[in-house]
There are 2 protein chains.
Amino acid sequence: MPSGQVVGGYHHGDLGNALLEAAGRVLVEKGPSGLSLRAVARAAGVSHAAPYRHFRDKAALLRALSQAGFERLGTAISAVVVAKPYGPEQKLIEASVAYVEFSVQYPEITQLMFAGTLEPLEQVAAYELLLAIIREGVEQGSFRERPPQELALVAWTSMHGLAMLAVAGLLAVDGDDERSLQELVRAVARNVIYGIVK
Amino acid sequence: MPSGQVVGGYHHGDLGNALLEAAGRVLVEKGPSGLSLRAVARAAGVSHAAPYRHFRDKAALLRALSQAGFERLGTAISAVVVAKPYGPEQKLIEASVAYVEFSVQYPEITQLMFAGTLEPLEQVAAYELLLAIIREGVEQGSFRERPPQELALVAWTSMHGLAMLAVAGLLAVDGDDERSLQELVRAVARNVIYGIVK
DNA sequence: ACCTGAACACCGTTCAAGT
DNA sequence: ACCTGAACACCGTTCAAGT
């Protein structure tokens with residue numbers, strides 16, 4: 001890249017990232033309805049017109065925030081499955097727990113990530129991790145001999161549904177404590193695996 | 001009910017329902033970002049303050065719209081499973097297809113339904129239908145002997161995840177035609193059933 | 001009882017103007 | 001090059017006033 005990256009710019013290094021961080025703070029503090037471009041600009045200490053030098057419009061800021069969320073989700077799942085001494089079945093369970101816990105921990109970001117029209121599933125890092133686990137299971141003979149994409153979709157679909165229901169508050173986990181949610185996720189994941197293994 | 005229902009009121013019968021219908025039209029025509037209370041009032045032909053006689057605030061209108069969506073979803077699923085000569089497995093597949101097709105057909109309503117914090121799953125009519133199918137399968141011995149709530153959650157979770165991914169455009173069904181989406185739903189549903197039957 | 005119009009404090013976006 | 005301030009067309013909500 002010939003145009004390099006000029007560090008400095010103006011304020012906290014560069015305003016682009018400062019705005020993204022400010023947007024994250026505003027989102028958790030004021031909720032999605034309070035996430036106005038003007039509020040983000042205020043939180044970053046600039047005028048309400050300044051963000052337009054860094055994002056074409058509000059939607060562009062939201063997309064960038066959503067993309068950062070996908071990256072963090074991928075990191076969270078990597079952390080519990082990559083280079084772990086688990087078999088594919090256990091990895092699938094741990095990935096499911098991490099997925100749902102991420103969603104519950106960052107409900108606003110999660111809603112944002114899956115609200116707009118996004119890139120196809122193949123470009124989501126977390127999906128690639130899941131697919132790798134499935135391939136491992138199929139290759140070593142413990143999973144059914146079906147196209148890995150098909151088994152991966154079954155598993156992803158279930159994880160994603162559970163996460164979205166949890167975020168929407170439809171799950172009625174008693175007293176929304178974290179233990180019972182984890183138990184629920186593990187129970188569903190075990191059932192999904194039952195349908196995936198030979 | 002002593003207070004009966006007074007038909008007439010003002011305009012199209014009663015403004016409350018007229019506003020709900022107008023909101024539905026605005027939502028599909030202008031998208032979620034165009035769904036302002038003032039736009040709804042304009043579409044219904046009243047002043048921007050009139051809706052406040054019928055809904056406490058904008059959130060109340062949105063909740064009513066969401067509730068109407070849940071009712072229509074329940075109706076759509078009923079239509080394909082109630083009083084049909086299918087076994088529980090086939091009913092599960094047909095219900096899944098109806099669920100996802102409803103979501104894809106009304107993406108904005110679907111987003112709305114599962115965006116806010118709602119009633120717990122037990123109060124969603126469509127979930128009761130699913131649970132009845134599961135109970136039927138367990139009782140007649142074709143489904144595994146597990147708590148029906150657990151199996152129902154596995155199935156619901158998968159249907160819901162598929163629906164949400166489809167709505168978000170993450171599914172990359174070739175040319176978003178309806179046939180390939182239905183095939184995808186059936187493939188996932190068959191895999192889920194594989195994990196539910198004995 | 002039900003609706004209107006003006007008013008207030010917000011928005012997103014644009015654009016001339018400043019340094 | 002980057003940011004500001006005013007301006008415009010919108011919002012949600014409230015409230016006195018009309019019929």
Side-chain angles (χ1 to χ4, degrees), chain A residues 1-27 29-66 108 111-112 115-116, chain B residues 1-27 29-66 108 111-112 115-116:
Chain A
M1 305 87 171
S3 64
Q5 60 256 55
V6 184
V7 184
Y10 162 69
H11 208 63
H12 331 67
D14 71 315
L15 187 52
N17 286 327
L19 286 168
L20 272 180
E21 283 169 28
R25 288 199 307 272
V26 171
L27 187 54
E29 282 166 20
K30 316 262 183 177
S33 68
L35 184 61
S36 70
L37 209 44
R38 292 171 97 114
V40 171
R42 276 194 300 271
V46 293
S47 84
H48 63 263
Y52 287 88
R53 294 293 128 189
H54 300 268
F55 300 97
R56 188 154 39 89
D57 53 18
K58 186 184 179 181
L61 208 198
L62 263 34
R63 273 196 301 274
L65 202 56
S66 160
E108 302 90 355
Q111 300 250 30
L112 195 66
Chain B
M1 305 88 167
S3 65
Q5 60 255 51
V6 185
V7 184
Y10 162 71
H11 210 63
H12 332 66
D14 71 315
L15 187 51
N17 286 328
L19 285 168
L20 273 180
E21 283 170 28
R25 288 199 306 272
V26 172
L27 187 56
E29 282 167 18
K30 315 262 183 176
S33 68
L35 185 61
S36 71
L37 209 44
R38 292 171 97 113
V40 171
R42 275 193 301 270
V46 292
S47 85
H48 62 262
Y52 287 88
R53 296 290 129 190
H54 300 268
F55 299 98
R56 187 152 43 86
D57 53 17
K58 186 184 179 182
L61 207 198
L62 262 34
R63 272 195 302 274
L65 202 57
S66 161
E108 303 90 355
Q111 301 250 27
L112 195 65

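Hydrogens, waters and symmetry mates play no part in the numbers below; they use all other heavy atoms, side chains included. Below, chain A is the first sequence line, B the second, and so on; all start at residue 1.
Pair assignment for dT19(D): dA1(C), on the basis of Watson-Crick or G-U wobble contacts that are both within less than 3.5 Å. Remark: dT13(C) base-pairs with dA7(D); criterion is Watson-Crick or G-U wobble with both hydrogen-bond distances under 3.5 Å.
Two residues are said to be in side-chain contact when any heavy atoms from C-beta on lie closer than 4.5 Å; Val40(A) and Phe55(A) fail this criterion. Counting heavy atoms from C-beta on, the side chains of Lys58(A) and Arg38(A) never come closer than 4.5 Å.
How far CZ of Arg56(A) is from CG of Leu61(A): 12.5 Å, rounded to the nearest 0.5 Å.
Both Arg53(A) and His54(B) lie close to DNA chain C; mapped to their nearest nucleotides by heavy-atom distance, the more 5′-ward contact belongs to His54(B).
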Quiz prompt | Verdict with supporting geometry, Tyr52(B) and Leu37(B), side chain to side chain contact (heavy atoms under 4.5 Å, CB included) | solution = CA-CA 10 Å; Tyr52(B) 287 88; Leu37(B) 209 44; 3.5 Å; yes
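Shown here for Leu19(B) and Ala44(B), the closest heavy-atom pair between the two residues is CD2-CB, 3.8 Å.
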Practice problem: For each nucleotide in nucleotides 8-13 of chain D, reading 5' to 3', give B when a protein heavy atom comes within less than 4.0 Å of its base, S when such contact involves only the sugar-phosphate, and - otherwise. | Solution: ---SBB
